[in-house]
Amino acid sequence: MDSPTIALLLLLAFAASLPSTEAAASGRPSEMAARRIPTTLDGPFRPVTRRLDPSLRRGSDDLPIDHPRLARKVRPPFPEQIALAASYSPSSIWVSWITGLKTATRYYYKCGDSSLMALSKEHSFVTLPSCGPRYPHRIAVIGDLGLTSNSTSTIDHLSKNDPSMILMVGDLSYANQYLTTGGKGAPCFSCAFPDAPIRETYQPRWDAWGRFMEPVISKIPMMVIEGNHEIEPQVDGLTFKSYLARFSVPSQECGSNSNFYYSFNAGGVHFIMLGAYVDYNMTGAQYAWLRTDLHHVNRQVTPWVVAAWHPPWYNSYSSHYQEFECMRQEMEGLLYHYGVDIVFSGHVHAYERMNRVFNYALDPCGPVYITVGDGGNIEKVDVDFADDNGKCPSESDNIPEYGGVCHLNFTSGPAKGKFCWETQPEWSAFRESSFGHGILEVINSTYALWTWHRNQDAYKESRKGDQIYIVRQPELCLMKSGNITTEN
């Protein structure tokens, strides 16, 4: 990687404040009258499975390093791979370091070293809205993106949807296995390359990913959380070196003091990004910080609480089935107690949306868990379900790269006494094996519209892979008391 530039020039000649907008009135949105989109109040839903369309490719090879979209646009000392990230406070934003800005305002900037006349072209961004009744325009959610032809389709499709912020839920560049795979797709890295000595780190691939993403994340902030492909274990026990060096997060402002877990606000939404590959036990620092952070959330100011981490807790695919059951048992009760509304994860290379659930039981106050690990990475889309005949993993499969193994047989319901369901679980509302991304549009303090966009739908007008209004019921669910322990 080239030596980083050390100076930043913000051109604030023009800062146009965005027009203020009234928050939508509480209640059922008027759009629902014209086009009936289901809401979570209609659930629980009959389980639905949509198999992979055989006309679609299941995966694709990595883009070659000399692909035009990965090529250098400038030469040193001019900067490249320019990116933004939100800060904990809506009045500031990261452009390699925090700088004080107004909320909901467009700023124009160049970065680089002015003494060398090595400045980037002019970019612009809009700061996030202040806390309260205003919400981000659209929040894009991606997981397991990689750098393949499918990845380019995902980012092109996402750009057309004009989001104001991106949540990247782990596994970004897949640079850690580029040299070993030779850029060829492998659905199971450890199976295909059992003799690979370590997951290497390959900085030219990281640079290529940064160039690939720059046209998008130089305009809108991208908030990241680490996945297993960011671990990159090296000699002397070094891990996460690329992740820590390349991405800035508001860890100090939110009090976590760790880039592996943090929180921030965007208008009336409080986001919590959790780390699955560091200590998540009840006795650890992350759990203590999470409890404090949730306790201090003012739901009058930020009604919505959205959490994200890489590996899903609820997952009916064979891949990574019950892999992070230990983390669920440690943390689920705390999130439920404080009424977390939505949880986004990746890791499984497919899409799945759950009915509201807590401790494997349908619960109207449980979060809506959504898996979006279908960004387009080289390991191909997952197509096997744990309830398919002969596809239930053994309890010795799916060992996590961090933490213990807590696989369990279900103690109630149709799968009582079994490790896998024989049909699609009742908590799995919809699942499909396709690449894509999601858009969350928060409408008001109780309604948010979630849309999953499949890559193939970019070429079909008005097609949606999955769409639902997520409805909060604060009068029913907030600050639930009583026993919140999780099955162990």
Side-chain angles (χ1 to χ4, degrees), residues 40 43-44 169 225 254-256 258 260-263 270-299 302-316 320-345 347 354-371 400 402-413 415-416 425-428 470 472-488:
T40 49
V169 295
I225 199 64
C254 72
S256 78
S258 169
F260 299 121
Y261 51 91
Y262 61 94
S263 65
H270 184 69
F271 290 93
I272 299 173
M273 313 291 277
L274 296 180
Y277 300 94
V278 293
D279 186 4
Y280 48 70
N281 292 309
M282 293 182 184
T283 56
Q286 179 175 199
Y287 189 94
W289 167 82
L290 175 61
R291 181 173 52 208
T292 300
D293 187 86
L294 286 168
H295 181 73
H296 286 97
V297 173
N298 184 343
R299 302 302 281 262
T302 53
W304 290 86
V305 177
V306 176
W309 56 85
H310 184 58
W313 292 349
Y314 290 92
N315 164 37
S316 66
H320 305 299
Y321 183 77
Q322 285 200 21
E323 186 174 303
F324 273 76
E325 178 63 17
C326 290
M327 185 183 181
R328 184 194 71 82
Q329 293 178 16
E330 292 289 328
M331 287 186 156
E332 184 182 25
L334 188 61
L335 299 183
Y336 179 79
H337 179 70
Y338 282 98
V340 170
D341 300 297
I342 308 171
V343 172
F344 293 114
S345 296
H347 203 42
M354 316 307 154
N355 286 307
R356 291 191 179 274
V357 61
F358 172 64
N359 200 21
Y360 290 112
L362 298 178
D363 190 310
C365 296
V368 175
Y369 290 86
I370 299 174
T371 299
Y402 180 88
V405 176
C406 300
H407 296 160
L408 54 78
N409 291 339
F410 296 100
T411 58
S412 61
K416 183 177 181 180
E426 61 186 4
W427 37 261
S428 172
I470 298 175
R472 297 181 60 247
Q473 296 179 280
E475 70 286 349
L476 173 67
C477 300
L478 277 183
M479 294 300 294
K480 295 189 65 75
S481 58
N483 183 10
I484 59 167
T485 58
T486 302
E487 178 182 284
N488 188 339

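When a residue number appears, it is its place in the shown sequence, counting from 1.
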Residue pair [X] / [Y], side-chain heavy-atom distance below 4.5 Å:
X	Y	result
H347	N315	no
S345	W309	yes
E325	R328	yes
Y277	P311	yes

For the residue pair [X] and [Y], what are the closest heavy atoms and their distance?
X	Y	result
Y338	H295	OH-ND1, 3.5 Å
N355	S428	ND2-C, 4.4 Å
F410	Y321	CE1-OH, 3.5 Å
W304	I470	CH2-O, 3.4 Å

Problem set entry | Partner residues of P367 under the side chain to side chain contact (heavy atoms under 4.5 Å, CB included) criterion, sequence neighbours left out |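 P367 satisfies side chain to side chain contact (heavy atoms under 4.5 Å, CB included) with V343, Y369 once adjacent residues are dropped.
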Problem set entry | Set of residues satisfying side chain to side chain contact (heavy atoms under 4.5 Å, CB included) with respect to P303, sequence neighbours excluded |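 For P303 the side chain to side chain contact (heavy atoms under 4.5 Å, CB included) partners, ignoring immediate neighbours, are Y135, S445, R472.
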Problem set entry | Pair Y336, N359: side-chain N/O donor-acceptor within cut-off below 3.5 Å |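 On atom types as modelled, these side chains do not qualify, holding no pair under 3.5 Å.
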For this session: Using distance alone, with no hydrogens and no angle criterion, decide if E332 and Y360 have a side-chain donor and acceptor under 3.5 Å apart.
Result: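 Y360 and E332 do not have a side-chain donor-acceptor pair below 3.5 Å.
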For this session: Using ring pair (Phe, Tyr, Trp, His ring centres under 6.0 Å) as the criterion, list what pairs up with H270, not counting sequence neighbours.
Result: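 Ring pair (Phe, Tyr, Trp, His ring centres under 6.0 Å) check on H270 returns nothing, list empty.
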Exercise. Quick one: ring pair (Phe, Tyr, Trp, His ring centres under 6.0 Å) partners of Y261, sequence neighbours excluded?
Worked result: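 Y261 satisfies ring pair (Phe, Tyr, Trp, His ring centres under 6.0 Å) with W289 once adjacent residues are dropped.
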Spacing of [atom1] belonging to [X] relative to [atom2] belonging to [Y], to within rounding of 0.5 Å:
X	Y	atom1	atom2	value
Y287	M282	OH	CE	4.5 Å
M327	N281	CE	CG	10.5 Å
I370	M354	CD1	CE	8.5 Å
S256	I272	OG	CD1	11.5 Å

Problem set entry | Residues that Y280 engages under side-chain hydrogen bond (donor to acceptor under 3.5 Å, both in side chains), provided they are two or more places apart |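 Scan of Y280 (side-chain hydrogen bond (donor to acceptor under 3.5 Å, both in side chains), adjacent residues dropped) gives none.
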Problem set entry | Partners passing side-chain hydrogen bond (donor to acceptor under 3.5 Å, both in side chains) against S263 (at least two apart in sequence or in another chain) |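 S263 satisfies side-chain hydrogen bond (donor to acceptor under 3.5 Å, both in side chains) with D293 once adjacent residues are dropped.
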For this session: Would you mind telling me which of D341, V305, L294 makes a side-chain contact (heavy atoms from CB on, under 4.5 Å) with L335?
Result: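 Only match with L335 under side-chain contact (heavy atoms from CB on, under 4.5 Å): L294.
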For this session: Quick one: do Y262 and F271 satisfy ring pair (Phe, Tyr, Trp, His ring centres under 6.0 Å)? Show the steps, please.
Result: CA-CA 9 Å; Y262 61 94; F271 290 93; over 10 Å; no
Between the side chain of [X] and the main-chain N/O of [Y], is any donor-acceptor distance below 3.5 Å?
X	Y	result
Q286	D279	yes
R299	P474	no
Q473	C365	no

